[in-house]
Protein chains: 2
Amino acid sequence: MAHVTDFGWELSTAIVLFHEAIARKLGLNAAEHKALGLIIRNGPMPAGALAPLLGVGASAVTGIVDRLERAGYVTRDVDPADRRRVLVSAAPEKAPDLTGIFERLGHDMWAFMAKYGEQERAVIQDYVTNTIRVVNDQIALLVAEEAKRGAP
Amino acid sequence: MAHVTDFGWELSTAIVLFHEAIARKLGLNAAEHKALGLIIRNGPMPAGALAPLLGVGASAVTGIVDRLERAGYVTRDVDPADRRRVLVSAAPEKAPDLTGIFERLGHDMWAFMAKYGEQERAVIQDYVTNTIRVVNDQIALLVAEEAKRGAP
DNA sequence: GTGAATAGTTTAGCTTGGTGAAATGATTTC
DNA sequence: GAAATCATTTCACCAAGCTAAACTATTCAC
């Protein structure tokens, strides 16, 4: 098992460093990067919804979205359904040479994935899926602990 | 391939969130968490060696190590070989209930790893190793770009 | 042994990015 | 249609954490 955890540790470190490098490349701090990730993943969201997800107050979201908008990564649009709300959407065309990076990443991943047979891919998929589940479980436990300490 | 990248994306997000949750649990900010990780991984290191790895100036390291030391996660010791130098070592016994978290994580990983046969584990190992390599390559490219922009 | 170089810390000043209360504009309720 | 509510922004202020430069202690070169 030492092998598995060691690999996991290395992979985990690499992924965190990769995220940091991407954020630097985009000129974003942690909060802005996280916000952009949430918007890309979840689609357009009202500004207020970001506050709890980022763990900051509503007024701080204005500044974060300001900077993302000024950099061209997102756009603000009034929600036609409820014109009090401001929907923040990703402006994917403005992401700089990131396409190049993800293309290279995808290409290199593809290069070694191609040699696996169908069964081997199934194993890998099972492994990754289970790892995601296990990690998410631990996150949930940690967050639950925080919540308990926060409001006991 | 859409599957693979999607899984990769999910895994990547989970890992980043896990790291953040751990840092919050320890009461550490990003720089402190990164520094502690480096010290744990590399063993005792002189304070000055941390500065370039963290991407901060030497004077900032003092504050970072101060906070880690005050929290009990590391100790400072004068290097007997060169008494100008201060070796920063991890104080593992002081890490709080983290043992519990990593025990649970290891246990849950073990639970589903146990069902794989030897060949399946070899496939997984190959996959993880290659993924680490590919991600590290992209990091190296990004860092090289930064260096070029930084000092052309 | 003296002078230059090195490791770490201290200090002062500044930037960043946050909070919380009040303001603004839009929507719902009665 | 007036009043209460809601989403977001604005404003003034505050704290964290960084840099640059001065300072102390130690080592190395000659």
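Each chain gets a letter, A, B and so on, in the order its sequence line appears, and its residues count up from 1. Source: prediction; values computed, not measured. The figures here come from the full heavy-atom set of this structure, side chains too, leaving out hydrogens, waters and symmetry mates.
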- Pairs satisfying ring pair (Phe, Tyr, Trp, His ring centres under 6.0 Å), at least one member in residues 31-54 of chain B, at least two apart: B:His19-B:His33
- Say you draw a straight line from CG of A:Asp137 to CG of A:Leu142; how long is it, rounded to the nearest 0.5 Å? 11.0 Å
- Query: Could you run down nucleotides 25-30 of chain D 5' to 3' and tag each one B, S or - for protein heavy-atom contact under 4.0 Å?
  - Reply: BBS---
- Protein proximity profile, nucleotides 10-18 of chain C - base contact B, sugar-phosphate-only contact S, no contact -, cut-off 4.0 Å on heavy atoms: B------SS
Partners passing side-chain hydrogen bond (donor to acceptor under 3.5 Å, both in side chains) against [X] (at least two apart in sequence or in another chain):
{"X": "A:Ser59", "result": "none"}
{"X": "B:Asn130", "result": "B:Asp126, B:Arg133"}
{"X": "A:Arg67", "result": "A:Glu32"}

- Looking only at heavy atoms, the pair that brings B:Ala47 and B:Val61 closest together is O-CG1, 3.5 Å
- Search all heavy atoms of B:Leu68 against all heavy atoms of B:Ala35 and return the closest pair with its distance. CD1-CB, 4.1 Å
Nearest whole Å is fine: how far is [N] [atom2] from [X] [atom1]?
{"X": "A:Asp77", "N": "D:dA7", "atom1": "CG", "atom2": "P", "value": "18 Å"}
{"X": "B:Leu54", "N": "C:dG8", "atom1": "CG", "atom2": "P", "value": "13 Å"}
{"X": "B:Leu68", "N": "C:dT9", "atom1": "CG", "atom2": "C1'", "value": "16 Å"}
{"X": "A:Arg76", "N": "D:dT10", "atom1": "CZ", "atom2": "C1'", "value": "12 Å"}

Can you name the residues that form a salt bridge (charged side-chain N to carboxylate O under 4.0 Å, His left out) with [X], not counting sequence neighbours?
{"X": "A:Arg84", "answer": "A:Asp82"}
{"X": "A:Glu69", "answer": "A:Arg76"}
{"X": "A:Glu120", "answer": "none"}
{"X": "B:Arg24", "answer": "A:Glu146"}

- Query: What would the secondary structure line of DNA chain D be in dot-bracket form, counting Watson-Crick and G-U wobble pairs under 3.5 Å, with [ ] for pairs that cross earlier ones and | for pairs with another strand?
  - Reply: ||||||||||||||||||||||||||||||
- Message: Using modelled atom types and a 3.5 Å cut-off, is there a donor and acceptor pairing between side-chain atoms of B:Tyr73 and backbone atoms of B:Leu26?
- Response: yes
- Report yes if the side chains of A:Val86 and A:Asp79 come closer than 4.5 Å at any heavy-atom pair, otherwise no. no
- Pull out every residue in residues 34-46 of chain A that has a heavy atom closer than 4.0 Å to any atom of DNA chain C, ordered by number, or say none. none
